[in-house]
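Have a look at the structure below, then the notes.
The sequence lines fix the lettering, A, B, ..., with proteins before strands; numbering per chain opens at 1. From a predicted model like this one, the values you see are computed outputs, not experimental measurements.
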There are 2 protein chains.
Amino acid sequence: MKKKVTLKQIARELDVSIATVSKALRNSKEISEDTRDKVKAFAKLYHYRPNNIALSLKNRKTKTIGILIPEIVHHFFSKVIQGIEEVANKKGYNVIIGLSNESFDKEVINMEMLANGSIDGFILSISKETLMQQDYHHFNETISQGMPIVMFDRIVNEIACDKVIVDDLRGSKKAVIKLIENKCKNIAIITTKDYVSVGRLRTQGYIEALNEYDIESQSDLILKVDDKLVSEDYIDVLEKEIMDLFLKNPNIDGVFAVNELYAITAMKVARKLGKQIPEELQVIGFTDGVLSRHAMPSLTTVSQHGKKIGAVAAELLIEKLESEVEDEQVKTVVIETELIERESTK
Amino acid sequence: MKKKVTLKQIARELDVSIATVSKALRNSKEISEDTRDKVKAFAKLYHYRPNNIALSLKNRKTKTIGILIPEIVHHFFSKVIQGIEEVANKKGYNVIIGLSNESFDKEVINMEMLANGSIDGFILSISKETLMQQDYHHFNETISQGMPIVMFDRIVNEIACDKVIVDDLRGSKKAVIKLIENKCKNIAIITTKDYVSVGRLRTQGYIEALNEYDIESQSDLILKVDDKLVSEDYIDVLEKEIMDLFLKNPNIDGVFAVNELYAITAMKVARKLGKQIPEELQVIGFTDGVLSRHAMPSLTTVSQHGKKIGAVAAELLIEKLESEVEDEQVKTVVIETELIERESTK
DNA sequence: ATCCTTAACGTAAACGTTTTCGTGTTAGTA
DNA sequence: TACTAACACGAAAACGTTTACGTTAAGGAT
């Protein structure tokens with residue numbers, strides 16, 4: 001087992017100084033061609049590669065981006081990571097991942113671990129617990145220490161950093177309008193509790209769409225599911241709540257659900273009740289994941305372009321990292337949603 | 001914006017040496033209680049945290065694990081990452097991710113980037129292109145430089161490293177036996193080309209199961225899909241191939257598919273042909289993802305326990321990283337599969 | 001013969017830690 | 001009073017780089 005070779009070892013072997021080796025390898029013309037060739041040959045022979053850690057220490061930058069997300073087994077977040085990774089790699093950055101598991105404490109711990117030199121900047125989406133507790137000190141501290149943050153999807157406006165969001169309001173509005181124009185008369189929404197900003201916005205879009213068409217929104221048709229239900233163990237409870245919704249409002253002919261799982265479950269319940277999709281009931285979901293695409297019938301859905309979100313976030317962060325001037329300005333980029341029509345609507 | 005505070009700055013402020021500060025913070029009894037308290041108070045006030053990079057350089061270990069996988073938008077791989085992250089974090093390790101995108105070149109580049117000091121060891125699953133080219137020099141070089149590797153799922157035996165695999169052969173055998181015992185007389189398999197080891201093994205399990213019950217395997221019933229089809233753009237081609245399979249063999253009453261997508265697509269095709277599931281056709285998939293759980297009908301499947309795989313891989317790696325003795329022995333841990341019965345079988 | 005330039009290399013500092021090995025002061029002992 | 005031990009701290013090296021600056025020797029110009 002040959003250990004990694006360092007400049008020092010090459011220097012000793014060739015009987016020159018470390019500086020000479022370093023310069024030779026970087027093609028400095030301070031060094032004679034002879035020596036340069038000799039050093040390079042030796043370096044190639046022994047597979048010399050500069051030690052990243054030493055470089056990081058010297059340059060005070062690590063060329064790595066920290067990603068902090070609530071969970072990874074999730075189509076949207078994986079897509080975002082894919083987007084980040086792609087542009088990060090292209091620009092010579094690595095990507096290091098922390099999972100908060102929707103827990104405030106894990107979010108804080110992870111941030112502290114990564115913030116101490118391991119990374120140059122953060123791309124993150126806030127955990128539900130943090131949103132609920134509304135304690136954002138760890139973000140503000142990190143920022144005030146000079147480490148840039150880019151937030152995506154779940155954001156909070158009070159934090160002064162770049163943000164990449166999807167236009168949740170307009171996205172859901174588009175979806176509901178689609179249902180209205182498809183002649184749905186009683187449109188229900190299956191959404192989450194309000195403290196998750198995206199849930200709140202999507203609900204708001206639903207209401208605005210109805211208002212725009214002079215339809216009165218009925219609270220009966222708004223089902224706010226306890227968000228713990230996204231953890232898929234609670235699927236039975238979710239199913240039951242939706243079943244209740246349908247039974248109490250048998251005239252529902254359109255459903256807008258703020259995520260894939262809710263939409264799919266709504267379809268399942270509808271089928272149990274013998275409702276034909278899309279003839280008797282039309283369904284639209286949010287998040288274009290694998291479920292929407294492969295469900296039967298396949299699900300019309302509002303795509304968030306997760307990969308794009310990740311890519312833009314990475315670009316914003318790297319731009320900030322590599323700009324000389326200290327730009328205190330914060331940007332918010334809105335990624336447009338897209339309604340992908342499939343079989344669950346007419 | 002207050003920059004990160006270092007030992008040196010604390011030392012200067014308090015008019016002591018750097019060494020004293022360091023020792024005080026680590027509770028060395030070389031330092032008087034007075035000074036210790038003073039230093040600690042100051043450190044707390046200014047949120048001192050040791051710089052990870054400097055520590056890494058000094059200790060020659062980074063406390064980070066490199067994960068290298070073909071793609072991340074994939075239920076199984078996300079699950080594995082989740083498992084790795086959980087045990088890694090518990091033991092004070094971070095996790096850094098590289099994506100090969102199934103490309104040999106990106107795999108090599110990513111390995112080289114990470115191997116130069118950024119991480120202490122690898123957990124990886126080999127890209128398809130690498131498996132096809134059978135060029136494993138980058139793995140062997142990394143290992144010979146003293147950096148441990150743990151492979152999972154897609155492995156190759158020639159490489160001397162720890163491995164965590166699922167028992168693909170027995171898993172698929174179990175599935176096919178289930179179909180046989182459920183009175184299926186003509187069982188087809190939808191699988192991939194042979195160079196992906198897991199595909200080969202699953203096919204083999206299918207054949208062994210048939211043989212065990214004295215059923216002759218018919219090549220007509222073995223559909224080897226070009227694996228590029230897992231990229232979901234090719235879904236139409238996939239559908240067509242399966243349709244052909246069904247049309248040419250109308251007596252098929254059981255299907256075993258080596259992944260979720262194939263299974264779901266088989267169900268979709270069956271439905272188009274008016275075959276009732278599970279009455280006329282029973283289907284079993286491999287990989288317990290979100291599709292299997294939420295399909296209608298829900299899919300009986302062979303679960304690989306991805307999270308467990310990740311957890312075991314991380315444990316193996318960390319064990320090797322932290323053991324004093326240099327154990328050249330390599331282990332292979334087999335994670336048992338589990339047949340999860342749902343609605344697509346009787 | 002002296003000075004200057006330049007080519008070719010070495011020295012040392014710096015990044016932020018930890019740790020070994022001094023070293024000076026004080027107090028206790030003979 | 002002189003010596004020793006304990007205490008409290010500092011100096012310096014080390015991890016692996018890069019780079020500003022210093023040094024040496026050769027050669028050309030005067």
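A straight line from CG of Leu57(A) to P of dA14(D) spans 17 Å, rounded to a whole angstrom. One interatomic measurement links the two molecules: CD1 of Ile10(B) to C1' of dT17(C), which rounds to 12 Å at whole-angstrom precision. In this structure, Leu7(B) atom CG and dG10(D) atom C1' are separated by 14 Å, rounded to whole Å. Look at NZ on Lys58(A): it is 16 Å from P on dT17(C), rounded to the nearest Å. Look at CD1 on Ile53(A): it is 13 Å from C1' on dT17(C), rounded to the nearest Å. Put simply, CZ on Arg60(B) is 14 Å from P on dT19(C), counting in whole angstrom units. Atoms CG (Asn52(A)) and P (dG16(D)) sit 13 Å apart, rounded to a whole Å. One interatomic measurement links the two molecules: CG of Leu25(B) to P of dT17(C), which rounds to 10 Å at whole-angstrom precision.
At a threshold of 4.0 angstrom between heavy atoms, the contacts of Ser22(B) include nucleobase atoms, whether or not backbone atoms are also involved. Residue-level contact check: Leu55(A) touches the backbone only, with heavy atoms under 4.0 Å from sugar-phosphate atoms and none from bases.
The side chain of Lys8(B) places no N or O atom within less than 4.0 Å of a non-bridging phosphate oxygen (OP1 or OP2) of dT17(C). Arg49(A) has no side-chain polar atom (N or O) that falls below the 4.0 Å cut-off from OP1 or OP2 of dG16(D).
No side-chain donor-acceptor contact under 3.5 Å links Ser125(A) and Asp153(A). For the residue pair Asn116(B) / Lys4(A), a side-chain donor-acceptor distance below 3.5 Å is found, with atom types taken as modelled. With no hydrogens or angles considered, a side-chain donor-acceptor pair links Asn27(A) and Lys40(A) at under 3.5 Å. Side chains of Glu107(A) and Thr130(A): a donor on one and an acceptor on the other come within 3.5 Å. Inspection of the Asn157(B) and Lys163(B) side chains reveals no N or O donor paired with an N or O acceptor under 3.5 Å.
Contacts with DNA chain C (heavy atom under 4.0 Å) in residues 108-120 of chain B: none are found.
Between Phe104(B) and His138(B), the distance separating the two ring centers is shorter than 6.0 angstrom.
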Check nucleotides 9-11 of chain C against the protein and report each pair of N or O atoms closer than 3.5 Å, with its distance, or say if there are none.
residue : atom : partner  : partner atom : Å
dC9(C)  : OP1  : Thr35(A) : OG1          : 2.9
dC9(C)  : OP2  : Ser32(A) : N            : 2.9
dC9(C)  : OP2  : Ser32(A) : OG           : 3.0
dC9(C)  : OP2  : Thr35(A) : OG1          : 3.0
dC9(C)  : N4   : Glu30(A) : OE1          : 2.5
dG10(C) : OP1  : Ser17(A) : N            : 3.2
dG10(C) : OP2  : Ser17(A) : N            : 2.8
dG10(C) : OP2  : Ser17(A) : OG           : 2.9
dG10(C) : OP2  : Thr20(A) : OG1          : 2.1
dG10(C) : O6   : Lys23(A) : NZ           : 2.3

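Checking side-chain atoms of Glu85(A) against main-chain N and O of Leu99(B) turns up a donor-acceptor pair under 3.5 Å. Asn110(B) places no side-chain N or O within 3.5 Å of a backbone atom of Leu68(B) that could act as its donor or acceptor partner.
Looking at Ile143(A) and Cys161(A), their side chains come closer than 4.5 Å, going by heavy atoms from C-beta outward.
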